[in-house]
Amino acid sequence: MTQTESVKNLALAKAINESLRTALEADPKVLVMGEDVGKLGGVFRVTDGLQKDFGESRIIDTPLAESGIVGTAIGLALRGYRPVVEIQFDGFVFPAYDQIVTQLAKMHARALGKVKMPVVVRIPYGGGIGAVEHHSESPEALFAHVAGLKVVSPSNSSDAYWMMQQAIQSDDPVIFFEPKRRYWDKGEVNTEAIPGPLHKAQVVREGTDLTLAAYGPMVKLCREVADAAAEEGRSLEVLDLRSVSPLDFDSIQASVEKTRRLVVVHEAPVFFGSGAEIAARITERCFYHLEAPVLRVGGYHAPYPPARLEEEYLPGLDRVLDAVDRALAY
Amino acid sequence: MTQTESVKNLALAKAINESLRTALEADPKVLVMGEDVGKLGGVFRVTDGLQKDFGESRIIDTPLAESGIVGTAIGLALRGYRPVVEIQFDGFVFPAYDQIVTQLAKMHARALGKVKMPVVVRIPYGGGIGAVEHHSESPEALFAHVAGLKVVSPSNSSDAYWMMQQAIQSDDPVIFFEPKRRYWDKGEVNTEAIPGPLHKAQVVREGTDLTLAAYGPMVKLCREVADAAAEEGRSLEVLDLRSVSPLDFDSIQASVEKTRRLVVVHEAPVFFGSGAEIAARITERCFYHLEAPVLRVGGYHAPYPPARLEEEYLPGLDRVLDAVDRALAY
Amino acid sequence: MTVESTAPRKPRRSAGTTGTKSTAGKRATARKSPGTEPELVQLLTPEGERVQNAGTAAYDKYVADITPDELRGLYRDMVLTRRFDAEATSLQRQGELGLWASLLGQEAAQIGSGRALRDDDYVFPTYREHGVAWCRGVDPTNLLGMFRGVNNGGWDPNGNNFHLYTIVIGSQTLHATGYAMGVAKDGADSAVIAYFGDGASSQGDVAEAFTFSAVYNAPVVFFCQNNQWAISEPTERQTRVPLYQRAQGFGFPGVRVDGNDVLASLAVTRWALERARNGEGPTLVEAYTYRMGAHTTSDDPTKYRADEEREAWEAKDPILRLRRFLEASNHADEGFFAELEAESEALGRRVREAVRAMPDPDHFAIFEHAYADGHALVDEERAQFAAYQASFADAEGGN
Amino acid sequence: MTVESTAPRKPRRSAGTTGTKSTAGKRATARKSPGTEPELVQLLTPEGERVQNAGTAAYDKYVADITPDELRGLYRDMVLTRRFDAEATSLQRQGELGLWASLLGQEAAQIGSGRALRDDDYVFPTYREHGVAWCRGVDPTNLLGMFRGVNNGGWDPNGNNFHLYTIVIGSQTLHATGYAMGVAKDGADSAVIAYFGDGASSQGDVAEAFTFSAVYNAPVVFFCQNNQWAISEPTERQTRVPLYQRAQGFGFPGVRVDGNDVLASLAVTRWALERARNGEGPTLVEAYTYRMGAHTTSDDPTKYRADEEREAWEAKDPILRLRRFLEASNHADEGFFAELEAESEALGRRVREAVRAMPDPDHFAIFEHAYADGHALVDEERAQFAAYQASFADAEGGN
Ligand SMILES: Cc1ncc(C[n+]2csc(CCOP(=O)(O)OP(=O)(O)O)c2C)c(N)n1
Ligand SMILES: Cc1ncc(C[n+]2csc(CCOP(=O)(O)OP(=O)(O)O)c2C)c(N)n1
Ligand SMILES: [Mg+2]
Ligand SMILES: [Mg+2]
């Protein structure tokens, strides 16, 4: 394959689709399971065309029961398969929460390492698409707190492709949060480039005055914030965390030692969210470097609101800029 | 009733038992539900004798299905009842997690306030009793992150009695974490004293050099740490937070503005735990007061270990003292 | 299809669910129509003829004294519900609603069961029970708030004993069971009805609701609208035997009714409710029907099912069927149909106008009902939000 | 008891589950014994007589050619399992174990089903399947680690195709189903067996396992040991009809076997496994038995059940029954029983010694297997832990 053939311009959803296809071709043990993942190709078409090409035995439309989906995926993993499970929307992962927390996360430890749990749980997450209740949530903190799980979220097509490759190769369970509002955003994917480690953050924009840390859907927003701030003469560094568990504290620390200020942005409620852990640990690591407390921008401590209020609920350009201003004012 | 009659020396479990009895007597709508809560009186005997006195219609042995328990409690609440639900052990709340997060927490908001959810979910939690897997966990952060829930944990018999009274009176769902390793600890309960608000922290020991903040089972440990530190000439303030959602940041702030140093202690894993939220917010509120970063002592990011390792896993006197030393060394 | 029958087969499976490749078209024709389902309770044929035989005997009495007026009422309910539903679908296309879940084709199941209820009974719907809501007297525009994105339901469930729409599949069956346990504790003789779909039958919550209701003998009717599809998955992905049979193993009766037959739906639901009132506990009713439209306005059924299937079901249309019966029995004249047509149009207009007039919620509504008794953090965040919002007003004022 | 029968009753309930007050004693006598259960498959009576009739016809062939040697083997398995179990109970009393879940009374159900398995079959146990573990060749001391608190299981499930004990009730039925789906995909003709209890039957996960296994026709046997109790709750708190009937509504057969009859348990399990191997999908076996002891060593059954009940079941002891049969048919002599007694004692001694010799885990084991591929935070915490531990060593060294 020539260099040009391996570089494609793909929407994020399509990049995942291609990544699944690559994995299915490479390893007969890889399976895709979930509600409507077959003929329909999933409600977001992420699995479009896969059943046609890989058959009903590998692309499995399941009964409507999330605990059953994850529970049988665990059994399949015990038999040597590598299931990639789709949860249709963020808000529907909770019926599977018990299987994820008490079984998937702990099986490897329970067996003192004698069994592995190479299961990927794909979850389209986050708001911004004007959906009804339960379709816009960001529950990543509820998984990051649980030892035994890894939690990641790509922000762009290239990462979506490669992080899915790496998640499927991982012998640990990976909760793979897909930023659904970015599914249609296009980006270049080089299917032959060797990617960096799955759990490493990336500086996506260099800056000197303050660090913005985000993952998944909020990375794009943070880039826009940095653009807007640049017009006001402020140089913001943007860090795409990519992984929520583990968090790449080394990279955050390196950035903060340079910029001395940090704002964390996520859609999930601030209270007990990722920002809390980042703020706590970075404050510990960088106590003498920080010129301002780590500030957090995220959802409020209220049930995710109806669509017509989500713009007010979610972090937006102005709210992040406001936090940047407040941090810079210290 | 004379003053002396209303003051009793009760084990923490018995204090809850008496509190339930008081509530059952006062309000015919109060129900107790759960596995083995009837004749057996619960595996910890917290509901001992209640079915005998209040009958099978009010003290309800349920089928072995936690989602069913919470789901039917929601229905009973819609019918005007005030169910107090028992989850047998911390690790068995997860089958009910979906009903708690997507229904119990959100029903009031979904109805724009037109229905209320006065449901108490009792969960004996935490380690230190040498139990097998799933019987020693501290999942409070997984509930605190969820808007619509309130999360509390008493540390002593008096609070156990009164906080249960207040939780049952609350029109919001309350996740009531009972420190199972303290069930047998005795303490005075004045069943006629008017208690403070449910969600207010209490200074249980005054000090000037550093604040220790804890709740539930770790309060006793923090008192012991303060005693030990006092012998070394250090004056530690101990705050019993009592409530995890909401957290009483005002009280923590007031203490930290005085002591300028804070160590948070909980059994739950540190990563994404209560300490993270407290550290993040207190650092923001007290940025210029803190002489040291907020330090956290808690469980490690690993599945709760087998009993013979729990002493190493759980915060103990030495580990908290070590954190105190580190904080004081800044 | 690849779902196995319960009969032994050899040679042994080779690769799990991989079976013969079948097209949607083949599936559709292989499928039995409701008329040929042996277990199906049917009182009106698709041609509008009244059936009375051994299979209907147990249920006939529940509609024996039904008046022409009541029959016209059922017809009216179905027509108006369908009109409302069509209006909502077009409001979605016009961008007034974010989404709509159409009940097209399921009017008989919903109106039949909905009209079997007493005022003091209580309904726990999914997100598709617009016809049941109609029977309960819920203002149809109330249903649209969540689909427009101005609230997540928000009506008073106790206003019409009609609970909020529940989106998490199966959850509400447990709420219904708990509510019914409460009814029993109160010594009332009301009944509770829980709606759910064929897809929902796979959720653990539904099984737990069966268990709890059986063990506590709760006065609840489980009303499963088997509309053949759970989004793109046919019912064979959820079960390999008819769903009504599920109940038996939990110790209560299940019955399959022709869900496109409003009279049979009415009769069977009345029977089940009577059981509940008589202290005989839960009943499962499987209404065998068809989702004529897309799953929701976001769905594209051409991806997974053949037109022929839909066409076969069109011949069994629930409204057409009752119209034929009304006409053949001279229970309704031209005037009735014309008036209803006008009423229908008026309803459409009213709904359209009401939706367009629906105001966006105030921004502070985010914080409004998170808690009944308040929460310090919500107060703090509300105050911050207010200050933040005010900063724009200030900025604008300052310009 | 207050659980309602399915038959209509009037007058209507007055206050839900409040019924007539009954004592544990009354309950016990009211309860049917397994011998009188009409639906029960029994091949050996409590008196040790071989039953052959219409009800056993379908299963007789599965034990038709059983040899005296095999019969003595079953007896030996039961005796040694009971001995191991008793040893564990006393080790708990001596403080060597933190907890023990005794299988006393359930030996026949476990040995019968366990001996029906082939080596390539796979077992998903609860926490009480010590007899099945024995059949699989799992070293009994392996089972004790979690009860001693030195690990959470820790044996290699693939070593003997015996999965780890699962404590979260019902979970493992889904793992078994998934594993069986994998077996089918591989085109293998192995079968999978999932153990669970009467209490577990109420969990949503178990119902979902029934659904998935039926829909995918997975080669799995659901083996429910109905030992009459879920801690303090009698089976009536979980169901109002016999549990084996649950399967039918999911589209596969269920059968109730006398779980105190090792021969019947063997035969029925063989039949169910054969179905699985033949591509006929799942089967539910309800082994009707009795938990003779406490739920675990932490439990006090005198709080909730009457001695008479236990006594009635003692007459149906699984070991006694086979002994009577062996003796009556001259399949075993005094020498056999004496040798077994000695073997038994040796086993007890071996277990006792092994447990006492079991070392406490290294402190760093906390971090050891949290992840297969590592996790930066675990590395960081392990390093902090090491430094912290070292600080004591330093301090001690410094003194
Ligand atoms: C727990 C959960 N999982 C997934 C979904 C997404 N979802 C919404 S409707 C639906 C299909 C429901 O099918 P069925 O129960 O047959 O009801 P119908 O839509 O046909 O009325 C699915 C999968 C959900 N709402 N809740
Ligand atoms: C999800 C869950 N809830 C509660 C428990 C606590 N618990 C342990 S065993 C048990 C009873 C189980 O009864 P049954 O299924 O009949 O099995 P048995 O103990 O009789 O073998 C309960 C409630 C648990 N382990 N898991
Ligand atoms: Mg459907
Ligand atoms: Mg049992």
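Just so it is clear: chains get the letters A, B, ... in the order the sequence lines come, proteins before strands, and each one is counted from 1.
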Bottom line for B:S67: the part with an atom under 4.5 Å from chain C's heavy atoms is both

Tightest non-hydrogen contact, residues C:S171 and B:Q103, listed as OG-NE2, 3.5 Å

Under 4.5 Å to a heavy atom of chain C? For B:A73 that would be neither

For residues 139-155 of chain B against chain C, heavy atoms under 4.5 Å, the residues are B:V146, B:A147, B:G148, B:L149, B:K150

B:I60 and C:Y216 have their tightest heavy-atom pair at CG2-OH, 3.2 Å

When the 4.5 angstrom heavy-atom criterion is applied to B:S243 and chain C, the contacting part is neither

Scanning both residues in full, the closest heavy-atom pair of B:L78 with C:F124 reads CD1-CE2, 3.7 Å

Taken to the nearest 0.5 Å, the spacing of C:H369 NE2 from B:K106 NZ works out to 16.0 Å

Interatomic distance, OG1@B:T72 vs CG@C:D205, rounded to 0.5 Å, equals 10.5 Å

*Sub-3.5 Å donor-acceptor pair from the side chain of B:D172 to the main-chain atoms of C:D373, do we have one?*
yes

Note to self: Would you say CD of C:Q248 has more than 12 non-hydrogen atoms from neighbouring residues, nucleotides or ligands within 6.0 angstrom?
What the structure shows: no

The interface call for C:A376 against chain B, heavy-atom contacts under 4.5 Å, is both

Distance col, row C:H163:NE2 vs B:R110:CZ, nearest 0.5 angstrom, shows 7.0 Å

When the 4.5 angstrom heavy-atom criterion is applied to C:E380 and chain B, the contacting part is side chain

Smallest heavy-atom separation, C:K185 atom then B:L76 atom, equals CE-CD2, 4.2 Å

CG (B:L112) and CG (C:N152) are apart, to the nearest 0.5 Å, by 8.0 Å

So OG1 of C:T211 and CG of B:L64: to nearest 0.5 Å the spacing works out to 11.0 Å

### Message
Can you confirm whether C:D362 is buried at CG, in the sense that more than 12 heavy atoms of other residues, nucleotides or ligands lie under 6.0 Å from that atom?
### Response
yes

When the 4.5 angstrom heavy-atom criterion is applied to B:H199 and chain C, the contacting part is neither

Honestly, the part of B:D248 sitting under 4.5 Å from a heavy atom of chain C is neither

Most heavy-atom pairs under 4.5 Å with chain C, out of B:P28, B:A111, B:P83, belong to B:A111

Correct closest heavy-atom pair for B:P246 and C:H375 would be N-NE2, 3.2 Å

When every non-hydrogen atom of B:K114 is compared with those of C:G154, the smallest separation belongs to NZ-O, 2.5 Å

So, the part of C:Y165 with a heavy atom under 4.5 Å from chain B: the answer is backbone

Turns out that what part of C:N151 lies under 4.5 Å from chain B's heavy atoms comes down to side chain

Of the listed C:L377, C:N158, C:L164, the one with the largest count of heavy-atom pairs under 4.5 Å with chain B is C:L164

One option among C:V168, C:I167, C:T177 has the most heavy-atom pairs under 4.5 Å with chain B, and it is C:V168

Looking only at C:E208, C:H175, C:Q172, the option with the highest number of non-hydrogen pairs under 4.5 Å against chain B is C:H175

In this structure, CD of B:Q99 is separated from CG of C:L174 (nearest 0.5 Å) by 5.0 Å

Is the NZ atom of B:K29 crowded by more than 12 outside heavy atoms at less than 6.0 Å? yes

Honestly, the part of C:T166 sitting under 4.5 Å from a heavy atom of chain B is side chain

Would you please test C:M181 and B:L31 for side chain to side chain contact (heavy atoms under 4.5 Å, CB included) and show each step? CA-CA 12 Å; C:M181 288 162 62; B:L31 305 174; over 6 Å; no

